[in-house]
Participant: 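Before anything else, here's the structure in question.
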Amino acid sequence: MILSIIIPTYNEEEYLPVLLESIKQQDFRDYEIIVADANSKDNTVKIAEEYGCIVVEGGMPAVGRNNGAKVAKGEYLLFLDSDLKLTEDYLAKVIYEFKMERLGIAITQMKPLSKKTEDKILHDLANLFMISVEKIKPHGAGCYGIIAKRELHECCGGFDEELTFGEDTEYIERLAKKERFKVLRNAKIGVSTRRLEEEGLATLAKQYGKSTVNDFLGIRTEASDLNYGFDHGKEHISKHKLDKIALESEKLDRLKNSYDESKQKINTAKVYLKKAKKTKIRDKKVIFYCICGEGMGHAIRSSVIIDRIKDKYDVYIFSSDRAYKYLNEKFDNVYKIGGFNTVYINNKVSNTKTLMNAIKRNPLNIKEGYEELYKKARKLSPDVIVTDFEIYATMVSKLLSIPLISLDNIHMITQTAIDYPPKHQGEMLKAKGVIKSYVIKPKIHILTSFFYPKIKPKKRAVLYPPVIREDILKLEPTIENHIIVYQTSKESVKLVEQLKSLNEKFIVYGFNKDKTDENLTYKLFNEDEFYNDLASAKAVICNGGFTFISEAISLKKPIYSVPAIGNFEQTLNGFYVQKLGYGEYHEKMSPQKVEKFLKRLSKYQKKLAKVKKTNNDGIVNELIYRIEKYSKKKLK
């Protein structure tokens with residue numbers, strides 16, 4: 001179960017049905033409701049039971065909430081007061097944002113269950129205050145939708161039952177020291193104004209003002225200090241004060257009407273100007289998706305993501321070389337830009353040749369980047385740019401102040417605490433420098449990886465399993481008598497030739513040819529045939545390419561990895577293949593080592609059998625969430 005909703009009550013027969021009915025109307029269904037009742041004298045318990053709630057013994061609010069949490073089965077606890085009302089899709093929005101933001105404790109904003117202007121203004125001010133101090137002093141204006149991880153609640157000992165006032169804020173502060181706190185932005189909860197009506201604005205302002213100041217001074221406030229009670233108090237606002245509030249309300253209404261009239265005139269003028277400029281009002285956000293053209297891994301991964309978001313957004317795709325050709329066959333609005341490629345000689349990175357090639361191509365690359373990416377960005381004004389390690393995306397993002405989101409596997413090197421062979425430290429430092437120059441200060445790094453080191457402190461990054469093509473996720477793997485060899489570098493021909501000495505059948509992809517040479521069957525790339533060959537292989541031999549390794553792991557295929565020398569990312573992938581027990585990583589191809597590897601397949605198959613099957617839903621939802629959060633413009 002995902003959610004346990006906990007509601008402390010005392011004589012709430014008037015308000016509780018409204019809350020329970022609003023919960024019942026939610027589309028989100030994976031919850032239980034626990035009512036902690038403090039010996040009500042009215043029909044509160046009967047109403048709770050009629051709605052199918054679990055009823056436990058309550059007391060003061062802190063006691064009731066803790067008692068409810070003790071029997072809760074949900075992964076998350078949502079604490080509500082009984083006089084609230086859930087807004088449309090409240091539960092789904094709360095759970096989604098809470099999980100996406102990796103929170104331990106959070107509170108929702110308030111929306112008054114009143115049409116009075118002064119009520120709306122007061123609650124907007126309270127929301128603004130909570131948001132403004134959330135990083136300085138985690139704070140909650142009453143128990144208006146506090147959500148916490150159940151394990152964090154239990155670890156911190158729940159609410160402090162000794163406190164007679166402010167136990168909710170104290171609870172938030174204490175849990176926020178352990179895990180991240182935030183005032184949720186996407187959901188507001190309907191809040192009763194009964195205390196305002198019963199006790200008056202002046203009394204409440206005095207109560208909450210004093211308690212808030214005390215909180216910031218580190219002084220705990222007692223209920224007796226504020227004449228506050230769980231039964232909502234007995235002192236009511238005087239007729240004189242009511243008349244005074246009524247006069248102030250009339251002034252606020254007149255002010256609001258004047259503001260609304262001015263706002264309407266401004267909006268009418270804006271529409272007129274837009275029509276005059278013949279500018280279409282968007283019905284979808286515009287996303288620029290920029291993809292590194294080197295190899296096929298970036299393009300394959302990005303095509304999976306783009307296919308999932310292309311109906312929700314207007315997606316424009318920019319890439320180079322083979323990646324451009326691959327994506328252009330699958331999608332509309334694909335544009336070719338310049339790119340840089342690593343040069344290999346004898347399966348080793350040639351830094352000199354790579355640099356010379358980059359210098360030679362740079363003028364043309366800049367021209368292509370300007371003509372296609374920069375000019376189109378000026379014309380279409382994208383809401384967000386997503387980059388899969390494409391260098392010009394950063395430049396355009398900074399020049400035009402467009403939010404940038406990074407989604408790739410390469411930033412595992414800069415954002416996480418990786419292990420790697422110590423002798424490759426120099427390559428690691430060089431790789432870090434290059435990576436940091438390609439993608440500069442995005443809003444978020446969405447990382448995808450088959451290994452899961454910790455994200456470094458203070459890094460804005462989230463980590464998901466590898467993006468796997470949907471057709472591969474559907475495959476049922478078998479074990480036949482062939483081995484897949486996947487190499488994309490022409491310099492790897494000599495490596496593959498060595499396999500002729502082995503009494504094994506090899507199917508070779510990546511050399512763009514179709515022929516048989518003794519025990520080597522070279523095939524042109526055809527996705528359907530490739531899927532079937534990979535799904536039925538008994539093992540794979542490859543370089544250190546992330547996408548192919550991830551797909552092999554997904555299909556439980558033991559891996560013999562020979563990373564290109566000097567390519568730290570490939571070395572890292574091969575290193576983790578061996579570290580996790582999914583196969584072996586060697587710096588050179590050797591028929592003898594391949595033969596020994598094949599004798600140990602059962603060992604690697606046992607490790608691979610424990611790999612959990614994943615899908616792409618998590619990373620797609622993460623990207624959509626970040627696009628909505630960071631979008632440059634809101635739709636009209």
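Only heavy atoms go into these numbers, but all of them, side chains included; no hydrogens, no water, no symmetry mates.
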Participant: Y509 and ring pair (Phe, Tyr, Trp, His ring centres under 6.0 Å): which single residue from F548, Y531, F530 fits?
Facilitator: F530
Participant: Pair Y289, F318 - check ring pair (Phe, Tyr, Trp, His ring centres under 6.0 Å), show working.
Facilitator: CA-CA 6 Å; Y289 210 117; F318 301 84; over 10 Å; no
Participant: On a heavy-atom basis, which atom in L601 and which in P558 lie closest, and how many Å separate them?
Facilitator: CD2-CB, 3.7 Å
Participant: Determine whether R180 and E101 satisfy the following criterion, side chain to side chain contact (heavy atoms under 4.5 Å, CB included), listing intermediate values before the conclusion.
Facilitator: CA-CA 9 Å; R180 189 170 171 233; E101 291 290 333; 3.1 Å; yes
Participant: Would you call E497 and K500 a salt bridge, taking side-chain N to carboxylate O under 4.0 Å as the test?
Facilitator: yes
Participant: Is there a side-chain contact between E551 and I300, using heavy atoms and a 4.5 Å cut-off?
Facilitator: yes
Participant: Taking only residues two or more places apart in sequence or in another chain, which ones pass ring pair (Phe, Tyr, Trp, His ring centres under 6.0 Å) with H445?
Facilitator: H411
Participant: So does H482 get a backbone contact from the side chain of E480, meaning a donor-acceptor N/O pair under 3.5 Å?
Facilitator: no
Participant: Does this structure show an ion pair linking K99 with E622, if we count only N-O contacts that are shorter than 4.0 Å?
Facilitator: no
Participant: Are the side chain of T448 and the backbone N or O of P465 linked by a donor-acceptor pair below 3.5 Å?
Facilitator: yes
Participant: Could you tell me whether the side chain of N616 and the main chain of I468 form a donor-acceptor pair under 3.5 Å?
Facilitator: yes
Participant: Sequence neighbours excluded, which residues qualify as side chain to side chain contact (heavy atoms under 4.5 Å, CB included) partners of A323?
Facilitator: A299, S319
Participant: Got I627 and I405 here, is their nearest side-chain heavy-atom distance under 4.5 Å?
Facilitator: yes
Participant: Quick one, F389 and S406 - any side-chain contact, counting heavy atoms below 4.5 Å?
Facilitator: no
Participant: Quick one: closest heavy-atom pair of E97 and Y625, and the distance?
Facilitator: CG-OH, 3.2 Å
Participant: Got a donor-acceptor contact below 3.5 angstrom from the T387 side chain to the A393 backbone?
Facilitator: no
Participant: If every non-hydrogen atom of A377 is compared with every non-hydrogen atom of P382, which pair is closest and at what distance?
Facilitator: O-CD, 3.4 Å
Participant: Do the non-hydrogen side-chain atoms of F511 and V496 ever get within less than 4.5 Å of each other?
Facilitator: yes
Participant: Do I479 and Q605 have side chains that approach each other closer than 4.5 Å (heavy atoms only, starting at C-beta)?
Facilitator: yes
Participant: Quick one: do H424 and L572 satisfy side chain to side chain contact (heavy atoms under 4.5 Å, CB included)? Show the steps, please.
Facilitator: CA-CA 9 Å; H424 291 281; L572 183 67; over 6 Å; no
Participant: Identify whether the distance between the nearest side-chain nitrogen and carboxylate oxygen of D617 and R308 falls below 4.0 Å.
Facilitator: yes
Participant: Please check: side-chain N/O of S561 versus main-chain N/O of N543, any donor-acceptor pairing under 3.5 Å?
Facilitator: yes
Participant: Between R322 and Y326, is there a side-chain donor-acceptor contact under 3.5 Å, judged purely by atom types and distance?
Facilitator: no
Participant: Quick check: closest heavy atoms across D89 and D27, and the distance to 0.1 Å?
Facilitator: OD1-OD2, 3.5 Å
Participant: Throw together a table of side-chain donor-acceptor distances under 3.5 angstrom for residues 452-460, partners on residues two or more places apart or in other chains.
Facilitator:
from : atom 1 : to   : atom 2 : distance (Å)
Y452 : OH     : S449 : O      : 3.3
R460 : NE     : K443 : O      : 2.9
R460 : NH2    : Y630 : OH     : 2.8

Participant: Sequence neighbours excluded, which residues qualify as side chain to side chain contact (heavy atoms under 4.5 Å, CB included) partners of S397?
Facilitator: I385, L404
Participant: Return yes if some donor-acceptor pair links the side-chain N/O of Y96 with the main-chain N/O of N621 below 3.5 Å, else return no.
Facilitator: yes
Participant: Applying side chain to side chain donor-acceptor pair (under 3.5 Å) to E628 and N186, what does each step give before you reach the verdict?
Facilitator: CA-CA 11 Å; E628 296 298 324; N186 296 331; over 6 Å; no
Participant: Between K505 and E518, does the salt bridge (charged side-chain N to carboxylate O under 4.0 Å, His left out) criterion hold? Intermediate values first, please.
Facilitator: CA-CA 9 Å; K505 179 182 177 182; E518 297 182 22; over 6 Å; no
Participant: Is it the case that N615 and E470 place a side-chain donor and acceptor less than 3.5 Å from each other?
Facilitator: no
Participant: By salt bridge (charged side-chain N to carboxylate O under 4.0 Å, His left out), which residues pair with D307, not counting sequence neighbours?
Facilitator: K310
Participant: Which pair of heavy atoms, one from F568 and one from I418, lies closest together, and at what distance?
Facilitator: CE2-CD1, 4.0 Å
Participant: So, for S550 and F450, which heavy atoms are closest and what is the spacing to 0.1 Å?
Facilitator: OG-CD2, 3.9 Å
Participant: Please tell me if the side chains of D332 and V315 come closer than 4.5 Å, counting only heavy atoms from C-beta onward.
Facilitator: no
Participant: Just jot down the side chain to side chain contact (heavy atoms under 4.5 Å, CB included) partners of N333, sequence neighbours excluded, or say none.
Facilitator: Y316, Y335
Participant: Please check if the side chain of T571 supplies one atom and the backbone of N567 the other of a donor-acceptor pair under 3.5 Å.
Facilitator: yes
Participant: Could you walk me through whether Y420 and Y576 pass ring pair (Phe, Tyr, Trp, His ring centres under 6.0 Å), step by step?
Facilitator: CA-CA 8 Å; Y420 58 90; Y576 269 98; 9.7 Å; no
Participant: Mind jotting down which residue pairs meet the salt bridge (charged side-chain N to carboxylate O under 4.0 Å, His left out) criterion with at least one end in residues 598-616? Sequence neighbours excluded, please.
Facilitator: E584-R600
Participant: Which pairs count as salt bridge (charged side-chain N to carboxylate O under 4.0 Å, His left out) when at least one residue sits in residues 525-541, sequence neighbours excluded?
Facilitator: K330-E527, R469-E527, E504-K538, K523-E529, K523-D533
Participant: How long is the span from the CD1 atom in I541 to the NE2 atom in H586, to the nearest 0.5 Å?
Facilitator: 10.0 Å
Participant: Using a strict threshold of under 4.0 Å (side-chain N to carboxylate O), is an ion pair present between K432 and E427?
Facilitator: no
Participant: Just to verify, what does R150 make a salt bridge (charged side-chain N to carboxylate O under 4.0 Å, His left out) with, not counting sequence neighbours?
Facilitator: E154
Participant: What salt bridge (charged side-chain N to carboxylate O under 4.0 Å, His left out) pairs are there with at least one residue in residues 570-579, not counting sequence neighbours?
Facilitator: D419-K579
Participant: Donor-acceptor pair, K178 side chain versus G104 backbone, under 3.5 Å?
Facilitator: no
Participant: Output all residues satisfying side chain to side chain contact (heavy atoms under 4.5 Å, CB included) with K436, sequence neighbours left out; order by chain, then residue number.
Facilitator: T414
Participant: When you look at R301 and L407, which way does the side chain to side chain contact (heavy atoms under 4.5 Å, CB included) test go after all the steps?
Facilitator: CA-CA 10 Å; R301 168 173 60 236; L407 192 159; 4.2 Å; yes
Participant: What orientation do Y76 and F98 show, parallel under 30°, tilted 30 to 60°, or perpendicular over 60°?
Facilitator: perpendicular
Participant: Are I484 and K557 close enough that some pair of their side-chain heavy atoms sits under 4.5 Å apart?
Facilitator: no
Participant: Is a side-chain donor or acceptor of Q570 paired with a backbone partner of G544 at a separation under 3.5 angstrom?
Facilitator: yes
Participant: Return yes if some donor-acceptor pair links the side-chain N/O of Q578 with the main-chain N/O of Y585 below 3.5 Å, else return no.
Facilitator: yes
Participant: Name all pairs fulfilling the ring pair (Phe, Tyr, Trp, His ring centres under 6.0 Å) condition that reach into residues 592-624, sequence neighbours left out, sorted by first residue then second.
Facilitator: Y560-F597, F597-Y604
